[in-house]
Every structure is written in C-alpha cells, then in structure tokens.
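Structure, as structure tokens:
Letters A, B, ... are given to chains in the order of the sequence lines, protein chains preceding strands, and every chain is numbered from 1. Here the structure is a predicted model, which means the values were calculated and not measured.
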Protein chains: 4
Amino acid sequence: MTEQNTIRVPQQTRSIEKKKRLMDAAMAEFGAKGFHGTNAKGIAKGAGVSVGTFYAYFTDKKAILFEIINQHLIEIDQSIFKTLTRKMDEGATGREVIGHIVKLGHEAHHHSPELLRVMLSMQYIDEDFKEYAATEFNGTTTKLSKFLKTMSDRLRITDMEAAAQVVANAFEETMHSVATGQPHVEQDRLYNALIDMTSIYLFKDPDAPLSHPSQDN
Amino acid sequence: MTEQNTIRVPQQTRSIEKKKRLMDAAMAEFGAKGFHGTNAKGIAKGAGVSVGTFYAYFTDKKAILFEIINQHLIEIDQSIFKTLTRKMDEGATGREVIGHIVKLGHEAHHHSPELLRVMLSMQYIDEDFKEYAATEFNGTTTKLSKFLKTMSDRLRITDMEAAAQVVANAFEETMHSVATGQPHVEQDRLYNALIDMTSIYLFKDPDAPLSHPSQDN
Amino acid sequence: MTEQNTIRVPQQTRSIEKKKRLMDAAMAEFGAKGFHGTNAKGIAKGAGVSVGTFYAYFTDKKAILFEIINQHLIEIDQSIFKTLTRKMDEGATGREVIGHIVKLGHEAHHHSPELLRVMLSMQYIDEDFKEYAATEFNGTTTKLSKFLKTMSDRLRITDMEAAAQVVANAFEETMHSVATGQPHVEQDRLYNALIDMTSIYLFKDPDAPLSHPSQDN
Amino acid sequence: MTEQNTIRVPQQTRSIEKKKRLMDAAMAEFGAKGFHGTNAKGIAKGAGVSVGTFYAYFTDKKAILFEIINQHLIEIDQSIFKTLTRKMDEGATGREVIGHIVKLGHEAHHHSPELLRVMLSMQYIDEDFKEYAATEFNGTTTKLSKFLKTMSDRLRITDMEAAAQVVANAFEETMHSVATGQPHVEQDRLYNALIDMTSIYLFKDPDAPLSHPSQDN
DNA sequence: AATGAATGAGTATTCATTCAT
DNA sequence: TATGAATGAATACTCATTCAT
C-alpha cells in the first residue's frame with residue numbers, strides 16, 4: 001500500500017552474504033518444489049533468516065527467482081561465446097566448433113537442471129519471464145547470427161538470421177531434453193546427431209578449418 | 001492422479017454433453033488464466049453447472065487439463081502422420097514431405113496457442129505431465145523413426161533414432177516459438193530454414209521423389 | 001484477483017440466519033475492539049462459522065460494518081420522523097415537538113453506543129464511510145429542512161437550510177457526547193438546554209401549539 | 001502510554017530540533033495517511049533520521065500523535081479566549097463576541113483539517129485519546145462557563161454549565177463539518193445561523209453591548 | 001444425479017520494536 | 001547518541017474439496 005518499501009541493497013559484507021544465502025536457499029527450494037510450491041517463509045528458513053529479512057532483500061518470490069535466473073544466464077551466455085574465436089584460431093573445423101558449442105551448452109545447462117525446469121516453466125506462465133526469456137534468446141541468436149556473418153563465405157546458408165534462430169532452437173530443445181530428463185536415446189548419439197545436422201546445414205564443408213578464410217580463396 | 005473417488009464415466013447423452021461443456025469451459029479458463037489462475041468453481045460456472053458436478057466428472061483440475069491435452073495431442077498426432085504416405089505416393093520429394101509436415105504441425109500448434117502454453121509449462125512443473133509429455137514425444141519420435149526406416153536407402157543418416165529425436169526437437173521448438181511468441185524473424189523464413197536444415201540433414205538428395213524406391217536402385 | 005467471487009445473497013432461512021449471526025457477532029466485535037482491532041476470523045468464530053463462510057457473505061470487514069451501520073441508521077431515521085406529524089396533530093407546542101425529537105434521538109443513539117463510536121470514527125478514517133455519513137446527514141437535514149418549511153409562519157428563522165443543519169449539528173454532537181460517554185453535566189440538564197436553545201432559535205413562540213396554523217392567523 | 005523505556009527529553013538544541021523535525025514529519029504522514037496508515041519508519045524517513053532515533057524520542061506512534069495534538073489544542077484554546085475580554089472592552093455586543101469566537105474557531109480548525117480528522121477519529125478509537133479529548137473539551141466548556149458567569153445579568157439562561165456545553169457542542173460540530181467536509185450549505189449562511197442560534201439563546205438582548213454592565217442597570 | 005453452502009488450512013506480506021554496531 | 005538490519009507475530013483473503021439436501 002505504502003511506497004516506502006525500500007529494497008535493501010547490500011554494501012556490507014554481512015549483508016551481501018545474507019543475500020547470497022537467501023538466493024542459494026531459494027534455488028534449492030525452487031528446484032525441489034517449483035515456483036508455486038515454494039514460499040518466502042521456506043526460503044527464509046532455508047537461509048536461516050526471518051521472513052522479514054527475505055522481504056527486505058527481495059520484493060517477492062518472483063523477484064528472487066528473476067535475480068537467480070538472470071545471474072545464471074549471464075554465466076551461461078559468457079561461457080559459450082568466450083572461447084569460440086580462440087577455437088577458430090586454433091584451426092578448428094566447423095564441425096569441431098559446433099561440437100565445442102554443444103559441450104559448453106551442455107555444461108551450462110547441467111549447472112542446475114532443476115532450476116532450468118523452473119525457468120522454462122516460468123516463461124510459459126508469467127509475462128515478465130516470457131519477455132525476459134524472449135529478450136535473452138533474442139540476444140543469443142543475434143550473437144550467433146553475427147558470428148555466422150563473420151564467416152559467410154564458408155556457409156551454405158544465405159538467410160543468416162533465420163538459420164541462427166532455427167539452429168538455436170534445435171540446440172535449446174535438445175539441451176533441455178537432455179538436461180531435464182527423458183533421454184530416449186543416449187546423450188552422445190543425440191549430440192552427434194545434433195552436431196551433424198547443424199554442421200551439414202550451415203557449412204559448405206563442415207570439415208574444413210574455419211580460420212584464415214583468405215588463404216582458401 | 002489416483003482415483004480414490006468414483007468418477008462418473010458418462011454413458012448417457014446428457015452426461016457426455018455435460019462433460020464436454022466442462023472441458024470446453026476449462027480450456028477457456030486455462031487458456032486465459034493459466035493452470036494456477038484457474039479454479040474448479042470458475043470452470044463449473046463457465047460450464048453452467050455446479051462445483052459438485054465438476055467433481056463428479058473429474059477428480060481435480062489437473063485431471064481435466066490432462067484429459068483436454070490428451071485429446072488435443074491425439075488429434076495433432078493423427079493429423080500429421082495420416083497424410084504422409086499419401087503425399088509420398090503422389091511423388092513428393094523429401095523436401096516437400098518435410099514441408100508438408102511443417103504445414104500440418106503449424107496448423108496443429110495454432111489450434112490453441114494459449115492451451116499450448118499451459119501444456120508446455122505443466123511438463124516442467126508437474127511430474128505426471130512431464131512423464132506424459134515424454135511418452136507422447138517418445139511416441140512421435142518413434143513413429144518418425146519408423147517412418148524414416150521405411151526409406152533408409154534415401155537417407156544420409158544412419159542413426160535413425162537419434163536423428164528422429166533431434167529433428168523432432170528442432171520442429172517442436174520452432175513451432176512453439178512461432179505459436180507462443182514474438183518471432184524475431186518472419187515465420188516463412190524460419191520455416192524455410194527449418195525445412196532446409198532437416199531435409200539436407202536427412203536425405204541424400206532432398207529434391208528427389210521419395211516413392212518407388214525400387215526404381216532408383 | 002479473479003472476479004468470480006460472488007457474494008452470497010441468502011434466500012434460504014438457514015442462510016439468512018447465518019448472515020444475521022455474522023452481523024451480530026461483528027457488532028459485538030466491532031463494539032468491543034473497534035474496526036482495526038477486529039478481524040474476519042474473530043467475527044466468524046463469534047458467529048460459530050468458518051472464515052470462508054464470512055467471506056461468502058461479505059467481501060471484507062468494511063462491508064459488514066457498512067451493512068450493520070446502514071441497518072441501524074435506517075431504523076434511527078424512521079423512528080425520528082415517523083411520529084412527528086402525529087405529535088403536531090395532538091396540539092403539541094414547538095418546544096414539545098423538539099423535546100420529542102430529543103427523546104427519540106436519545107433512544108436511537110443508545111441502541112448501541114459502542115457501535116456508534118465505531119461509526120463515528122470510520123467517517124474520519126475511511127472515504128466511503130465519510131461519503132456515506134455525509135449523504136445520510138444530508139438526508140436528515142433535508143428532511144428537517146422540509147419539515148420546517150411546512151410551518152414557516154411559526155418560525156423566527158428565514159434561512160431554513162442553514163438552520164436545519166446547525167440544529168442537526170447541535171443535536172448530533174450532544175447526542176453523541178451523551179451516548180459515548182463523558183457527561184460533565186447531567187443528561188437532563190443538557191437535554192433541557194438543547195431543547196431550549198433550538199426552540200428559542202427556531203420558533204417565534206416556542207410554547208404555542210404548532211398545528212392548525214390557519215386558526216392562529 | 002506507560003513509559004517503560006527511557007524516553008529522551010531533549011535539552012540540547014540539536015535534540016530539540018530533531019524532535020521538532022520528527023513531529024513535523026509525523027503531522028504530514030498522519031494527515032496524509034491517517035493513524036493506521038502511518039508507521040514509525042515512514043515518520044523517521046520523513047524527518048531524515050533513523051527508526052531507532054524515532055523510538056529514542058517517542059515510545060510509539062500514539063505518543064507522537066498525542067504530543068502533536070496536544071500542542072495544537074493548546075494553541076487553539078489560547079487563541080480563542082485571549083482576545084475575548086479585549087473585544088468586550090471595545091463595546092462589542094453579544095452577537096459580535098459570538099461572531100468573533102466563530103471567526104477564531106474557524107481559523108483554528110482550518111490550521112490543519114487533515115490532522116483534525118485524525119484527532120477526531122482517535123477519540124472514538126482509543127481510550128487514552130477519548131479521555132484526553134474529554135478533559136480538553138471539559139476545559140473549554142469550563143472556561144466558557146466561567147466566561148458566561150461574568151456576565152450573568154445579561155443572559156437569558158440560568159444553567160450556565162449546561163448552556164456552555166450545548167453551545168460548545170453546536171460550535172464543535174459545525175466547525176468540524178465545515179473543516180472536514182462537504183458543506184451542503186455555504187459556510188457563511190451556516191456560521192450566521194450558528195451565531196444567531198447561540199446569541200438568541202444566551203443573551204437577553206444579543207445586540208446590546210456586553211461591557212460596563214453597571215451602566216445598563 | 002445435482003447442487004452449492006461450508007470448511008479451514010494455507011499464502012503473501014507488513015510493521016512495531018529491538019539491539020548489535 | 002545514532003543507526004538500520006533483523007525479527008516474527010499477525011492479518012486479510014483464497015480455494016480445493018466435501019457433503020447434507
């Protein structure tokens with residue numbers, strides 16, 4: 001009702017640690033019971049603080065989930081695109097680069113499969129999360145699209161934007177299916193198929209080194 | 001999901017119609033407000049019956065959602081595989097058959113995008129739905145896998161099961177992104193990319209007719 | 001959040017009785033603990049029903065207080081103006097009629113002094129109650145004003161509206177001070193003073209009979 | 001209202017100023033949001049100090065409201081009775097003196113109508129405030145009563161105490177209705193009626209000068 | 001078969017007050 | 001003296017489910 005509710009922005013070491021404890025506890029709770037099964041009281045208890053303290057750091061349980069997910073996605077995103085150019089400089093082929101992305105993506109998704117489930121469900125339930133996920137995904141495909149454009153002469157495809165999105169979709173869904181659960185087929189066969197499909201699709205020659213494009217011409 | 005109470009199995013015409021009314025009302029409610037925003041009272045009201053009647057036909061709101069989704073998926077599944085063989089007999093190429101699947105899938109997913117969202121969220125929230133979705137998806141990939149095996153000599157790929165799943169994944173996610181959301185790229189470009197990717201991946205020659213395999217040998 | 005909350009309008013005998021029980025319990029609670037000290041749970045408990053039942057009959061505690069007060073004011077209002085004309089026909093003087101009003105007002109205010117306190121506080125706290133009280137008071141003064149106009153030739157005063165309001169104010173406050181508590185002076189002396197003040201103010205001759213004005217002229 | 005903790009009685013200039021700042025902030029908060037809508041944190045924030053500091057100066061929010069109201073009433077009370085004798089010495093009539101009181105009362109009540117509302121509501125809600133208001137009102141009527149006794153030979157009325165209270169009641173309520181609300185009749189007509197009613201009631205000749213009573217006899 | 005009144009555990013959130021720093 | 005982080009009891013309100021009629 002009143003607008004004097006200020007959310008605590010921790011500067012002190014103790015406060016920062018308390019906020020972290022809350023986020024860790026929240027992650028555990030969300031992972032175990034889902035969004036609707038989790039409540040502020042439980043999170044606070046898990047973190048060893050009072051409900052009041054929870055509400056001092058976060059406006060509500062949606063806010064804390066948001067912050068948790070945000071932090072994770074930032075980590076994932078960074079980890080994927082960071083090493084790509086280095087790989088290429090090492091003379092990796094298209095197929096190898098794709099394989100590397102699969103490996104990184106796999107690791108990222110397996111950081112916390114439980115949380116991943118919650119995150120995935122939220123984008124279908126909540127408008128804010130939907131929007132956030134869309135923006136996030138958009139960012140990823142844009143990066144991928146740009147990445148593809150830097151090597152356009154090695155590519156089969158011409159519509160880079162569409163390709164980036166379709167490939168990202170295939171990656172997403174396959175990662176999720178592996179991370180959240182039911183692998184009807186062993187993970188390696190699945191990843192091999194994924195690598196094969198996207199490599200064949202994207203590259204003129206998936207097994208040629210990607211770097212030093214000038215030399216090939 | 002246990003059936004501790006006797007749930008009415010309608011034999012009478014009036015009962016069947018009442019059950020249908022309940023399911024229609026439920027679909028509308030779930031679509032508009034999501035699973036957690038919907039309650040039994042609202043569904044009953046929408047169907048013009050009492051809460052008691054609702055509970056006479058369904059154990060709880062999960063049960064009615066289950067039944068609704070089940071019905072839809074059956075329809076979708078049938079619509080996709082029904083016409084495939086006919087297409088092939090008409091001399092369609094691999095690319096054309098894939099294109100046909102995309103068209104059917106698109107229609108199916110756009111039958112009720114709202115409900116689709118609920119369905120998608122539920123598989124991340126609820127164990128029963130997760131299991132169901134897995135089985136369903138498994139069924140689809142199995143069918144696809146079998147379908148691929150009937151034309152193995154025309155295919156690039158060798159691991160049919162893995163291919164079926166990866167292709168199904170790419171389809172799923174792309175359909176969903178179009179159905180539930182903000183397409184960053186126009187739908188047609190996306191679908192073309194999807195068709196291109198999967199055709200190139202699956203077939204030795206995506207533009208050769210699939211039928212009469214004996215002739216080619 | 002959802003708008004399917006329908007407030008139960010009792011038609012059955014049992015329901016009507018339940019609603020009455022709730023209102024009686026609420027009156028007791030409000031009287032004893034004031035508005036902010038009372039909660040739905042307590043009212044329900046007092047009425048021997050569950051909280052849910054409370055909320056089935058009333059949207060919130062404000063609503064039930066409103067209904068209680070409304071009922072009381074209707075009773076008060078009716079009791080005051082009902083017998084006035086009869087008194088006049090019996091040849092009562094202005095002073096006697098005023099005395100009669102004081103008597104009726106006193107009875108009305110003493111129906112439930114505790115509730116009166118709550119009612120009075122609410123008009124200063126809550127906008128809806130303020131508005132309601134204003135309307136109600138307006139109604140009373142309007143009636144009084146009309147009543148005065150029927151005997152304008154017997155009156156000293158010329159601005160009937162202003163007189164009606166000032167007289168009503170004097171009545172109100174004196175009634176309240178007697179009903180809610182601290183009589184620094186005995187009630188009868190106070191009422192006599194009130195009668196004296198308003199009679200002298202309103203009438204040319206407070207001790208002449210009010211009826212049959214034609215005869216006097 | 002018990003003082004279990006040591007409440008700071010400011011002697012230092014800085015402390016006095018801090019207390020004033022708190023009271024000013026509290027007035028603003030109470031006026032804007034009422035008693036129940038206001039909380040210690042908000043007041044402290046408004047005063048630019050910490051909650052702890054608030055509790056160092058006041059036991060709770062009731063205490064600060066008490067102090068604020070007390071200060072205001074003292075001011076009002078003084079302003080009303082201060083100039084009365086002077087007016088009389090200037091040869092004012094009874095009606096003119098009453099008119100002067102109305103003017104002063106009006107000004108006093110309009111100092112902070114918002115706070116007035118809070119004050120009025122509190123006397124119906126809280127026992128301590130009720131008692132305080134009673135005492136305060138008692139004081140006013142006692143003063144008025146004494147004032148009247150100094151001019152008993154000019155008065156119609158004989159029961160000075162009762163008259164003082166009834167007149168005070170009429171004043172109170174009319175002032176409040178003007179200050180807090182929707183005047184159904186213009187303020188001037190209302191005040192004129194009030195002056196007329198009380199003058200006619202109190203004085204033998206409302207239009208004769210009050211001073212030098214000996215000369216008249 | 002159908003109704004819908006009744007239940008009450010459960011949930012999110014606030015805020016007066018304390019107390020270690 | 002002053003701070004403001006921390007506490008946790010308390011509150012309004014909802015909704016899945018039952019069961020007497």
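If you find the closest nucleotide of DNA chain E to D:Val51 and to C:Val49, the one lying nearer the 5' end belongs to C:Val49. Each of B:Gly48 and A:Thr38 lies near DNA chain E, and the nucleotide nearest B:Gly48 is the one positioned closer to the 5' end. Nearer to the 5' terminus of DNA chain F, by closest-nucleotide assignment, is the contact made by A:Phe54 (compared with the other of B:His36 and A:Phe54).
Nearest approach of D:Ala47 to D:Ala25, heavy atoms of both residues: N-CB, 3.6 Å. Minimum heavy-atom separation, B:His72 to B:Ser112: CE1-CB, 4.5 Å. Of all heavy-atom pairs spanning A:Leu120 and A:Gln123, the tightest one is O-CG, 2.9 Å.
C:Phe30 CZ to C:Glu114 CD: the interatomic distance, rounded to the nearest 0.5 Å, is 14.0 Å.
Note on A:Lys45: nothing from the nucleic acid sits closer than 4.0 angstrom, heavy atoms only. If you check every strand for non-hydrogen atoms under 4.0 Å, C:Lys62 touches nothing.
When the P atom of F:dA6 is taken as reference, atom CD1 of A:Ile16 falls 12 Å away, rounded to whole Å. With rounding to whole Å, A:Ile7 atom CD1 is found 12 Å from E:dT14 atom C1'. Atom CG in D:Asp60 sits about 10 Å away from atom C1' in E:dT17, given to the nearest Å. Taking atom CD1 of residue D:Ile43 and atom C1' of nucleotide F:dG4, one finds them 16 Å apart after rounding to whole Å. For the pair A:Leu22 CG and F:dA5 P, the interatomic distance rounds to 14 Å; values are reported in whole Å. Here F:dA16 presents its P atom at 13 Å from CD1 of B:Ile64, a figure rounded to the nearest Å. Atom pair D:Lys19:NZ and F:dT1:C1' shows a separation of 16 Å (rounding to whole Å applied). The interatomic distance linking A:Phe58 (CZ) with E:dA12 (P) rounds to 16 Å, in whole Å.
Side-chain polar atoms of D:Asn70 and D:Tyr132 form a donor-acceptor pair below 3.5 angstrom.
Taking 4.0 angstrom as the limit, D:Thr53 places a side-chain polar atom (N or O) nearer than this to OP1 or OP2 of F:dT3. For E:dA6, the OP1/OP2 oxygens have a side-chain nitrogen or oxygen of C:Tyr57 closer than 4.0 Å. Regarding contacts with the backbone of F:dT3, a side-chain N or O of D:Ser50 is found under 4.0 angstrom from either OP1 or OP2. For D:Lys61 and E:dC15, the shortest distance from a side-chain N or O to OP1 or OP2 is not below 4.0 Å. Between E:dG4 and B:Lys41, no contact under 4.0 Å exists linking OP1 or OP2 to a side-chain N or O. The side chain of A:Arg8 places no N or O atom within less than 4.0 Å of a non-bridging phosphate oxygen (OP1 or OP2) of F:dG4.
The side-chain tip of D:Lys61 points at the ring of D:Phe35 from less than 6.0 angstrom away and within 45° of straight on. Judged by a 6.0 Å distance limit and a 45° cone about the ring axis, C:Arg117 is not positioned over the six-membered ring of D:Tyr124.
Between the two ends of the helix from E:dA2-F:dT21 to E:dT21-F:dA2, each summarised by a five-pair axis, the helix axis turns through 0° (rounded to 10 degrees).
Remark: B:Lys130 does not engage B:Asp126 in a salt bridge, criterion side-chain N to carboxylate O under 4.0 Å.
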Dump the pairs, protein N or O against N or O of nucleotides 19-21 of chain E, anything under 3.5 Å, distances to one decimal.
none

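Applying the 6.0 Å contact sphere to NZ of D:Lys20 captures no more than 12 heavy atoms from other residues, nucleotides or ligands.
Residue pairs meeting the side-chain hydrogen bond (donor to acceptor under 3.5 Å, both in side chains) criterion with at least one partner in residues 29-46 of chain C, sequence neighbours excluded, are C:Glu29-C:Lys33.
The side chain of B:Asn39 approaches F:dC15 more closely than any other nucleotide in the set F:dT11, F:dC15, E:dT13.
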